[in-house]
Amino acid sequence: MTTSTHAPHLLSVTDLTRDQIEELLTLTDTFVEVSRRPIPKVPSLRGKTVVSLFFEDSTRTRLSFETAAKRLSADVMSFAVSSSSVNKGESVRDTIETIEAMGIDAVIVRHRSSGVPKQISQWTNASVINAGDGWHQHPTQALLDAYTIRSHFGSLEGRRVAIIGDVKHSRVARSNMEMFTSLGAEVVLVAPRTLLPVTTESWNVTATQDIDSVLGDIDVAYLLRMQRERMDEALVPSMREYSADYGLTMERAAKLRPDTLIMHPGPMNRGIEIESEVAQLPNAVITEQVFNGVAVRMAVLFMLLGSGLHLRNRAPDDSIDKEMIEMEGDQS
Ligand code: NCD
């Protein structure tokens with residue numbers, strides 16, 4: 001998490017040290033518990049205003065952040081900006097300055113161009129959370145995926161994760177690679193050459209084009225969506241051929257160990273990267289990822305806005321103020 005002179009931000013997985021990641025994952029346990037209560041709401045962020053500023057389409061990420069903010073009792077403002085009407089630097093700046101003038105504490109930004117959340121963080125005194133920028137980063141997705149894996153295996157240390165599919169266009173792949181390797185997992189990318197970035201040398205990962213060679217020996221099969229909206233040329237001969245070569249079919253899923261997790265960030269292209277029935281298998285944890293996403297985002301919002309104890313300057317024995325996460329009771 002970057003703590004500038006102003007508010008702390010979450011722009012990239014690389015902003016987080018391993019200790020900070022572990023701390024966020026531990027805090028997520030608390031918010032998973034809150035999410036299971038009959039009234040899943042705590043007063044932690046009462047009086048704070050959180051804005052979601054989505055310049056690109058989204059269903060789950062946006063709803064997840066808004067639900068998280070509401071469960072922490074923040075006021076939520078929601079802006080849906082079409083990417084075509086506001087896509088120049090100046091207009092983004094005008095938008096953020098207008099929103100800021102209303103008095104806000106955090107802004108959750110999604111944009112089709114890499115770097116926009118960082119740019120916005122230089123224009124506002126509010127905390128900025130990157131909810132996905134171009135092909136670049138999606139740090140809360142990586143946190144929720146790490147949390148989901150950890151909840152099944154106890155930790156990511158020594159686990160082998162295959163990230164399968166359209167790595168080239170995927171901010172989820174970039175964020176997850178960094179997150180998983182920083183938590184001690186081994187990552188193998190599985191994709192045709194055309195769907196890998198030109199070089200993967202600077203990443204601490206291996207790559208293969210042969211999905212069938214890895215299936216029997218992985219703890220997680222993490223499937224990526226084929227991001228056709230980001231392909232300006234034909235990178236695979238046809239979707240049918242892609243599915244035949246890389247899709248997780250029932251036949252391929254049978255080669256996985258029974259405890260291998262099947263994950264997907266959503267939205268799924270059923271029948272392309274994942275066969276419909278595969279998503280219903282007992283070891284497919286795709287809806288668990290969505291459930292955990294709310295709690296992870298509560299933890300992030302709480303860390304940035306709630307306790308006043310920002311990650312970097314917290315003494316090791318500072319514990320979370322228990323009152324902040326106690327039941328709403330009759331206060332609501
Ligand atoms: C991802 C995204 O938008 O980056 N979805 C998500 O946030 N759950 C992945 C994708 O669009 O393929």
Side-chain angles (χ1 to χ4, degrees), residues 10-13 28 52-69 78 80-83 108-118 129-149 161-180 189-191 195-197 220-232 235-236 239 242-243 246-248 261-274 278-279 284-298 300-301:
L10 179 58
L11 303 175
S12 163
V13 170
T28 301
S52 66
L53 183 59
F54 277 60
F55 295 89
E56 190 195 88
D57 296 344
S58 162
T59 316
R60 74 203 70 220
T61 303
R62 180 187 178 131
L63 283 177
S64 179
F65 267 113
E66 292 180 1
T67 305
S78 182
V81 196
S82 89
S83 49
I108 298 154
V109 181
R110 169 169 285 198
H111 199 283
R112 67 186 168 86
S113 301
S114 302
V116 169
K118 181 162 191 190
I129 303 173
N130 182 359
D133 61 331
W135 303 3
H136 178 227
Q137 278 283 318
H138 193 354
T140 57
Q141 180 71 42
L143 281 165
L144 77 89
D145 289 330
Y147 183 83
T148 304
I149 299 172
V161 182
I163 299 181
I164 304 165
D166 185 3
V167 175
K168 184 181 169 110
H169 302 100
S170 176
R171 55 193 173 214
V172 173
R174 281 175 186 73
S175 310
N176 274 351
M177 257 184 281
E178 287 170 5
M179 175 67 67
F180 299 163
L189 305 177
V190 183
L195 292 180
L196 281 177
V220 179
Y222 195 101
L223 302 164
L224 298 169
R225 183 173 66 85
M226 279 296 270
Q227 298 172 57
R228 285 175 283 184
E229 78 281 11
R230 298 199 171 123
M231 295 182 195
D232 42 23
L235 295 173
V236 289
M239 286 301 149
Y242 175 81
S243 312
Y246 291 94
L248 192 60
L261 303 177
I262 298 168
M263 300 177 71
H264 192 300
M268 283 184 275
N269 290 310
R270 288 177 188 261
I272 297 181
E273 67 268 359
I274 184 165
V278 173
V285 293
I286 298 157
T287 49
E288 249 178 68
Q289 290 171 263
V290 177
F291 176 82
N292 292 335
V294 176
V296 154
R297 291 175 175 121
M298 288 172 82
V300 167
L301 286 165

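Remember, it's 1-based here, ligands and their atoms both numbered in the order they're listed. All of these numbers come straight from a predicted model, not from anything done at the bench.
For the pairing with Leu143, the side chain to side chain contact (heavy atoms under 4.5 Å, CB included) check across Val13, Leu10, Thr28 returns one residue only, Leu10.
Residue His138 has at least one N or O atom closer than 3.5 Å to an N or O atom of ligand 1. Here's the thing with Pro267: none of its N/O atoms is less than 3.5 angstrom from an N/O atom of ligand 1.
Using bins of under 30°, 30° to 60° and over 60° for the plane-to-plane angle, the ring pair His111/Phe55 lands in the tilted bin.
Within the 4.0 Å heavy-atom criterion, neither part of Met226 lies near ligand 1.
Looking at His169, Arg171, Gln141, it is Arg171 that brings a heavy atom closest to atom 2 (C) of ligand 1.
The closest side-chain donor-acceptor pair between Gln289 and Asp145 falls under 3.5 angstrom. At a cut-off of 3.5 Å, with distance as the only test, a side-chain donor of His264 or Glu273 sits close to an acceptor on the other residue.
Contact check for Val172 versus Tyr222: side-chain heavy atoms found under the 4.5 Å cut-off.
Note that CG of Asn130 is 9.0 Å distant from CZ of Arg110, once rounded to the nearest 0.5 Å.
For Tyr246, the ring-ring contact (aromatic ring centres under 6.0 Å, His included) criterion is met by Tyr242, not counting sequence neighbours.
For atom 8 (N) of ligand 1, the closest heavy atom belonging to the protein is Pro265 O, 2.9 Å. The closest protein non-hydrogen atom to atom 5 (N) of ligand 1 is Gly266 O, 2.9 Å. Nearest to atom 12 (O) of ligand 1 among the protein's heavy atoms is Arg225 NE, 2.7 Å.
Screening residues 163-175 for salt bridge (charged side-chain N to carboxylate O under 4.0 Å, His left out) gives Glu56-Arg171 as the qualifying pairs, with residues at least two apart or on separate chains.
Ligand 1 is approached by Arg110 to a heavy-atom distance shorter than 4.0 Å.
Atoms of ligand 1 found under 4.0 Å from any heavy atom of Val172 (numbered from 1 in listed order, with element): 1 (C), 4 (O), 9 (C). Residue-ligand proximity, Thr61 to ligand 1, at heavy-atom distances under 4.0 Å covers atoms 6 (C), 7 (O), 8 (N). Taking every non-hydrogen atom of Arg60 and a distance limit under 4.0 Å, the qualifying atoms of ligand 1 come out as 8 (N).
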